Number of protein chains: 2
Amino acid sequence: MAEENRFEHIANRLRRGILRGDLAPGSPIKERDNAAEMGVSRTPMREAIRQLANEGLVVLRPSRSPIVADPSWKEISDCMDLVRALELLSGELACAKATDEEIDQIAAIQARMEAESDSIDEIDLFEIDMEFHVAIVRASHNIPLAETHRSLLSRLWRARFLGSRAGRNQDRVFAQHQAILAALRARDAAAFQAELRNHLSILKQQIRQFYQEVEEETA
Amino acid sequence: MAEENRFEHIANRLRRGILRGDLAPGSPIKERDNAAEMGVSRTPMREAIRQLANEGLVVLRPSRSPIVADPSWKEISDCMDLVRALELLSGELACAKATDEEIDQIAAIQARMEAESDSIDEIDLFEIDMEFHVAIVRASHNIPLAETHRSLLSRLWRARFLGSRAGRNQDRVFAQHQAILAALRARDAAAFQAELRNHLSILKQQIRQFYQEVEEETA
DNA sequence: GTGCAAAATTTGGTATACCAAAATCTGTTG
DNA sequence: CAACAGATTTTGGTATACCAAATTTTGCAC
């Protein structure tokens, strides 16, 4: 994956920690302590924290330690609405501009997902799911769109992961992906968007359910 | 406006320079030289450059000076498609959720724009135009959406400014803004989106024209 | 025990110095 | 004159030290 600067390395490490839940939402990330702990100076740690901050994974507070973001359901929901809008646009563009090779690649991702679904790690499987969506957006041939989408997805990663784990409906997800793929193959933007809407609305529903359960437990 | 850190100050200054065209697209921004020139150390200059980089205004190259971004027409066009998608979503949400006060505020912005149109600076007028669009997005009550939109707008600022200057059709813009506003007042999402599409397509057309003229001159 | 003021700590921000990699310049050699 | 190897410069990255603002703790007085 190319060269990895120290601060990128730290950022990745922190990101993983946050997304896997090792660093609890709301817990502080002290610049100095954390840097010392990982054996680096403040400088790269600073950059890493900034990076995660503008990915939305940590929040900076004036004169206070940065803390791991703890998004409300509203925030998650807002992000998902945004992701939906971006993927709908991607669908329109991809149906018009994607090359046949790109569509084959997307299909290959889905095939891989189905093939490995019961032999691999929960997290790895989920990563493939994300890849599927990312590949579709990339097929739009709109780079700023792809970048924006990627950044939002990483912000939603944890919520989507927890939701999908709670959901336990792999087969239905596969069917939805296949339907989306078929629409793309047919270059039928309207069908694509309909299927995508359906897929994402189910996903969102799942996550909402998960958040409600957590709230009930907390209350 | 809050407090302004040194690096924010530098970032703003550089941004203005880029957007106004004082720093030509493609010209290098040397960390050290630039820092010395502005009487600060490398540290805040670094942060400022990073900031502008992830706003898309400068591009970082490995082992080379960062340079002022020089977006192609394709890139501008892609960003505008993205902005359009975001504003269309905002319209849908704003029609459903904006408060009457917010709508009044948007109307006030437009009124101010019309009132001051021939007494103020070209750039200031343009700033008000941007404010109008930002206010609509804010009325969606979707913060991630607003942030994403803001970041993209700043990236497009220069292109839109140059396009609008070339266009010289203030009255038509006013009419379009009023139409959008009326749809919002009526909470008619479909009408809102139709008017917005129209407005943005004209804007884009203008910018395209401008880019073509520049290309012809260069060729 | 309570309230408040002063001291100590924590924090972000900045300056400066150093290093290694990369790019560029330079001088020599064929 | 061309090509190539070595030296120099430029660049980004990192470590470290210092400062001021803000927070937190401490301790004294009532």
Side-chain angles (χ1 to χ4, degrees), chain A residues 1-18 22-70 147 151 154, chain B residues 1-18 22-70 147 151 154:
Chain A
M1 292 286 175
E3 30 181 295
E4 197 173 75
N5 286 328
R6 191 162 316 201
F7 88 89
E8 282 170 350
H9 184 252
I10 304 172
N12 288 334
R13 187 168 154 185
L14 283 178
R15 191 185 296 109
R16 268 198 304 273
I18 294 173
D22 299 338
L23 281 72
S27 59
I29 301 185
K30 304 200 186 198
E31 207 175 273
R32 286 169 166 85
D33 294 5
N34 232 290
E37 208 170 290
M38 300 183 54
V40 299
S41 80
R42 283 179 58 202
T43 318
M45 178 60 71
R46 242 179 106 69
E47 293 233 41
I49 291 177
R50 296 281 182 165
Q51 176 72 31
L52 296 184
N54 73 36
E55 284 178 19
L57 292 180
V58 311
V59 295
L60 271 42
R61 311 171 297 174
S63 303
R64 284 276 206 335
S65 290
I67 55 175
V68 176
D70 188 9
E147 280 171 4
S151 147
S154 94
Chain B
M1 297 281 174
E3 28 180 296
E4 197 173 74
N5 285 329
R6 191 163 314 202
F7 88 89
E8 280 169 352
H9 185 253
I10 306 173
N12 288 334
R13 187 167 155 186
L14 284 178
R15 190 184 297 109
R16 269 197 304 271
I18 294 173
D22 300 338
L23 281 71
S27 59
I29 302 185
K30 305 199 186 198
E31 207 175 273
R32 283 172 230 272
D33 293 6
N34 232 290
E37 207 170 290
M38 299 181 57
V40 299
S41 79
R42 282 178 60 203
T43 317
M45 178 59 70
R46 244 179 104 70
E47 294 233 40
I49 291 177
R50 297 282 180 162
Q51 175 73 31
L52 296 184
N54 74 37
E55 284 178 19
L57 292 180
V58 311
V59 294
L60 271 40
R61 311 170 298 174
S63 303
R64 282 276 205 335
S65 290
I67 56 175
V68 177
D70 188 9
E147 280 171 4
S151 149
S154 94

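None of the values given here were measured: they were computed from a predicted structure.
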Which of the following nucleotides, [options], is nearest to the side chain of [X]?
{"X": "A:Arg64", "options": "D:dT14, C:dT11, D:dT24", "result": "D:dT24"}
{"X": "A:Arg46", "options": "C:dT16, D:dG12, C:dG13", "result": "C:dG13"}
{"X": "B:Ser65", "options": "D:dT11, C:dT16, D:dT14", "result": "D:dT11"}
{"X": "A:Arg42", "options": "D:dC18, D:dT14, C:dT11", "result": "D:dC18"}
{"X": "B:Pro44", "options": "C:dT11, C:dT14, D:dA15", "result": "C:dT14"}
{"X": "A:Val40", "options": "C:dA15, D:dT14, D:dA15", "result": "D:dA15"}

Q) In terms of the nearest nucleotide of DNA chain D, which residue is placed more toward the 5' end: B:Asp33 or B:Thr43? A) B:Asp33

Grab the [atom1]-[atom2] distance between [X] and [N] for me, whole Å please.
{"X": "A:Ile67", "N": "C:dT11", "atom1": "CD1", "atom2": "P", "value": "14 Å"}
{"X": "A:Met45", "N": "D:dT16", "atom1": "CE", "atom2": "P", "value": "14 Å"}
{"X": "B:Phe7", "N": "C:dT14", "atom1": "CZ", "atom2": "P", "value": "7 Å"}
{"X": "A:Asn34", "N": "D:dA15", "atom1": "CG", "atom2": "P", "value": "14 Å"}
{"X": "B:Glu8", "N": "C:dG13", "atom1": "CD", "atom2": "P", "value": "8 Å"}
{"X": "A:Ile29", "N": "C:dT11", "atom1": "CD1", "atom2": "C1'", "value": "15 Å"}

Is any side-chain nitrogen or oxygen of [X] closer than 4.0 Å to OP1 or OP2 of [N]?
{"X": "A:Arg6", "N": "D:dA15", "result": "yes"}
{"X": "A:Ser41", "N": "D:dA15", "result": "yes"}
{"X": "A:Lys30", "N": "C:dT10", "result": "no"}

Work out which heavy atom in [X] is nearest to a heavy atom in [Y]; give both atom names and the distance.
{"X": "B:Gly26", "Y": "B:Asp70", "answer": "N-CB, 4.3 Å"}
{"X": "A:Ser65", "Y": "A:Pro28", "answer": "CB-CB, 3.9 Å"}
{"X": "B:Phe7", "Y": "B:Ala48", "answer": "O-CB, 3.7 Å"}

Q: Remember a base hit wins even if backbone is also touched, and classify A:Arg61 as base, sugar-phosphate or nothing at under 4.0 Å, heavy atoms.
A: nothing

Q | Touch class at under 4.0 angstrom, heavy-atom based, for B:Pro66 against every strand present | A | sugar-phosphate

Q. Does the side chain of A:Ser154 reach to within under 4.5 Å of the side chain of A:Ser151, using non-hydrogen atoms?
A. no

**Q.** Residue met sooner reading DNA chain C from 5', once B:Glu47 and B:Arg32 are mapped to nucleotides
**A.** B:Glu47

Q. Going by distance alone, is a donor N or O of one side chain under 3.5 Å from an acceptor N or O of the other, for A:Glu55 and A:Gln51?
A. yes

